[in-house]
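One structure is given here, and the rest of the page talks about it.
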Amino acid sequence: MSTDTIVRLPDQSTARLPKVNFITKENGLLSWLLTSDHKRIATLYLISITFFFAIGGALAGLIRLELLTPQSDLMAADTYNKVFSMHGIIMVFLFLVPSIPATLGNFLMPLMIGAKDLALPKINLLSWYLYVIAGCMILYSMMTGGVDTGWTFTVPLSTHYVNTNVITTGLAIFVAGFSSVFTGLNFIVTIHKMRAPGMTWFRLPLFVWSNYAASILMVLGTPVLAITLVLVVLERAFGIGVFDPAKGGDPILFQHLFWFYSHPAVYIMILPGMGVISEVISTFSRKRVFGYTAVAFSSVAIAVFAFFVWEHHMFIMGVSNYSTLVFSLLTMLVAVPSAIKIFNWSFTLYKGSITFETPMLYSFGFMGLFTIGGLTGVFLAATGTDIHLTETYFIVAHFHFVMVGGMLMAFLSGIHFWWPKWTGRMYPEKISQLAALITFIGFNLTFFPQFILGMLGMPRRYAAYPPEFQVLNVFSTAGATILGIGYLLPILYLTWSLKYGEIAGDNPWQATGLEWQIQSPPLTENFPEIPIVDYEAYDYEWLERKEKEVTRVG
Amino acid sequence: MSDSTTAFHGAPSDKPVIHGAHTEHEHPPYQRHHFASMEQQVDTTSFAMWLFLVTEIMFFGGLFCSYLIFRNWYYPAFVAASHQLNIVEGTANTAVLIASSFTMAMGVWCAEMRKKSGLILCLCLTFVLGLAFLGIKYDEYHEK
């Protein structure tokens with residue numbers, strides 16, 4: 001910790017944003033809506049994702065407000081069911097799955113590998129339109145009565161018993177699924193075929209590796225979800241009987257098909273976040289990521305294991321004891337590559353020159369919260385404890401630690417980290433450090449009590465609960481309020497910084513990635529000429545040499 | 001891993017690899033701006049197509065998986081149902097389907113060979129065969 005900060009900004013009195021960049025290149029709404037530039041599509045995604053995050057967040061606020069008191073008093077029980085279902089559906093399918101890949105991934109993938117664009121720019125735009133169509137369908141279903149099956153669409157509840165918009169919502173998720181299939185497909189093709197000369201697989205930034213792993217999951221898993229939802233819709237509309245025991249169908253088959261996607265989906269959500277953490281930890285420790293190869297392959301390992309653990313969602317649904325045993329073991333194995341990552345990041349910090357800029361604070365938050373979320377996952381993988389804990393608030397706390405504490409922290413870390421590259425301007429440092437702190441405190445206050453509630457036996461998905469659980473629920477709701485402020489702040493100051501932020505210059509963090517060696521915001525074609533890569537990833541000495549050469553020549 | 005890098009290195013001197021394409025420009029009009037060479041573009045798009053087919057396998061894999069399970073569970077019912085099939089129409093439809101794949105593939109070949117009239121003919125044939133497929137299906141299901 002030799003210095004307080006590594007930030008090096010150009011002289012503010014003379015610095016200007018580059019006149020020509022991807023934002024100013026063309027003007028007018030149409031130039032954005034018909035663009036095939038990955039950076040503009042990423043911007044469109046960022047705006048739409050923030051919009052749906054705000055809606056999902058507001059619904060979460062309603063849930064916590066209802067649970068402030070033991071009785072179901074703010075809203076009727078069936079309204080509560082709709083609220084938590086819509087919260088889950090919006091957050092999972094419209095925020096978490098596309099969050100990092102479609103925004104940061106879209107923006108950075110070509111920049112990091114030295115390409116002019118993604119391999120299939122028009123497919124990329126198509127994927128955004130599919131996302132918007134899916135979002136509109138979900139908004140429509142929400143305004144015309146909502147859906148109350150939970151985000152899991154459990155049959156026969158969703159096919160036979162509820163009278164809500166299951167069909168519209170199911171089709172919306174079908175469409176959203178293809179949006180993420182196209183994103184994943186685009187990434188895989190881009191990483192295979194578009195790398196700049198010299199950019200070998202083991203020179204790729206770890207962000208690229210983790211998005212590659214997540215893309216494999218998107219491409220292989222999402223179609224299965226799509227066909228499952230088609231079957232649910234057909235069952236509901238025409239009664240084909242695949243999942244209906246009265247017609248000889250099997251509801252458990254739905255669970256198998258649904259979780260075959262939806263468990264890998266969890267890793268679709270977390271893997272890109274891990275990529276962000278690798279970049280941030282390395283940059284703010286001024287060290288190459290410890291065990292680069294291990295971290296890279298642990299992403300792929302997580303992607304592979306992801307397809308062989310789905311049955312752990314069904315331990316109490318009457319599946320065979322022997323398969324339970326196997327899936328329990330396989331589930332625990334996921335802890336190994338996850339731990340490899342956490343340990344390697346810790347070793348990267350060891351003897352590094354650590355500074356505490358906002359992205360780093362969020363990354364520390366990620367490491368702590370993800371570790372708790374991951375370890376409680378092992379409790380749930382063990383069948384004995386799972387029977388007690390499943391369908392309680394312990395599950396809710398567990399996946400919020402991974403998804404919100406992990407993924408959302410990583411998302412905010414990444415947004416702050418690459419904000420100067422994206423917009424050419426810095427975010428305000430002090431208030432954003434405060435926001436990171438508020439988020440961390442608010443998050444723990446919201447979700448830690450829920451572990452205890454779950455241990456005590458409070459079931460999830462009920463509007464009312466016994467009065468003895470109230471104290472912990474009040475803590476949780478109070479925490480949610482703080483958390484809400486923690487998320488509101490970045491939206492406000494990042495918008496503010498678009499006009500008033502300091503000029504960032506090309507490389508404010510002194511980072512080594514290819515994306516930092518070009519102007520910010522980048523040109524539409526990214527690189528004036530295709531770069532030739534002759535250095536390893538995270539080679540800070542290379543960067544120093546390069547800067548010395550530049551100053552000597554200049 | 002090496003093919004993309006070589007594609008980049010060889011970019012300026014590479015001739016477009018599509019047969020019959022005019023080769024006097026370094027960047028033929030159908031080469032998209034973000035590719036360094038025509039070879040890279042062809043490689044990339046065909047790789048993308050194969051990958052898309054993988055997603056289709058997963059998509060229908062879920063369906064076939066359910067089908068197999070039920071076929072196994074209710075084998076006699078599936079046997080009984082198979083006697084309800086209309087063999088003539090079913091066979092005709094299979095032939096139509098395969099023929100339409102052939103005309104479409106011929107269309108792609110014509111496009112690569114720059115045979116415009118052949119391309120139009122093939123696309124029209126494919127369209128007609130598609131309609132024929134739907135017509136036969138309609139008749140077949142209408143009966144049931």
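This is a predicted model, so every value here is computed, not measured. Chain naming here is simple, since letters A, B, ... match the order of the sequence lines and numbering starts at 1 in each.
- Of the two parts of A:Leu185, the backbone and the side chain both hold a non-hydrogen atom closer than 4.5 Å to a non-hydrogen atom of chain B.
- For A:Tyr261, no part lies under 4.5 angstrom from a heavy atom of chain B.
- Shown here is A:Tyr535, whose OH atom has more than 12 heavy atoms of other residues, nucleotides or ligands within 6.0 Å.
- Counting heavy atoms from C-beta on, the side chains of B:Phe35 and A:Lys193 never come closer than 4.5 Å.
- Note: A:Ile188 leads A:Thr228, A:Ile123, A:Ile188 in heavy-atom pairs under 4.5 Å with chain B.
- In this structure, the side chain of B:His34 does not engage the main chain of A:Ala115 through any donor-acceptor pair within 3.5 Å.
- Sorted by first then second residue, the side-chain hydrogen bond (donor to acceptor under 3.5 Å, both in side chains) pairs that include residues 521-532 of chain A, not counting sequence neighbours, are A:His38-A:Asn526, A:Lys39-A:Asn526.
- In this structure, OG on B:Ser66 lies 10.0 Å from CG on A:Asp250, to the nearest 0.5 angstrom.
- With a threshold of 4.5 angstrom between heavy atoms, A:Val219 approaches chain B through its backbone and through its side chain.
- Considering all non-hydrogen atoms of both residues, B:Ala48 and A:Leu120 come closest at CB-CD1, 3.7 Å.
- Atom OH of A:Tyr129 is surrounded by more than 12 heavy atoms from other residues, nucleotides or ligands within 6.0 Å.
- The contact between A:Leu220 and chain B is made by backbone and side chain atoms together, counting heavy-atom distances below 4.5 Å.
- Close approach to chain A, defined as a heavy atom under 4.5 Å from one of its heavy atoms, is seen in B:Leu51, B:Phe52, B:Val54, B:Thr55, B:Met58, B:Phe59, B:Gly62, B:Leu63 of residues 51-63 of chain B, taken by number.
- For the set A:Val224, A:Val242, A:Val181, the entry with the most heavy-atom pairs within less than 4.5 Å of chain B is A:Val242.
- Counting heavy-atom neighbours within 6.0 Å of B:Phe64 CZ, excluding the residue itself, gives a total of 12 or less.
- Among residue pairs with one or both ends in residues 111-128 of chain A, those qualifying as side-chain hydrogen bond (donor to acceptor under 3.5 Å, both in side chains) are A:Tyr45-A:Ser127, A:Ser48-A:Trp128, A:Asn106-A:Asn124, A:Ser127-A:Thr183; sequence neighbours excluded.
- Residue pairs meeting the side-chain hydrogen bond (donor to acceptor under 3.5 Å, both in side chains) criterion with at least one member in residues 91-105 of chain B, sequence neighbours excluded: B:Thr103-B:Thr126.
- Neither the backbone nor the side chain of A:Phe254 comes within less than 4.5 Å of any heavy atom of chain B.
- Side-chain contact between B:Arg32 and A:Pro121 is present, with heavy atoms from C-beta onward closer than 4.5 Å.
- Per-residue counts of heavy-atom pairs under 4.5 Å with chain B were compared for A:Gly248, A:Gly249, A:Gly177, A:Ala226; the largest is that of A:Gly248.
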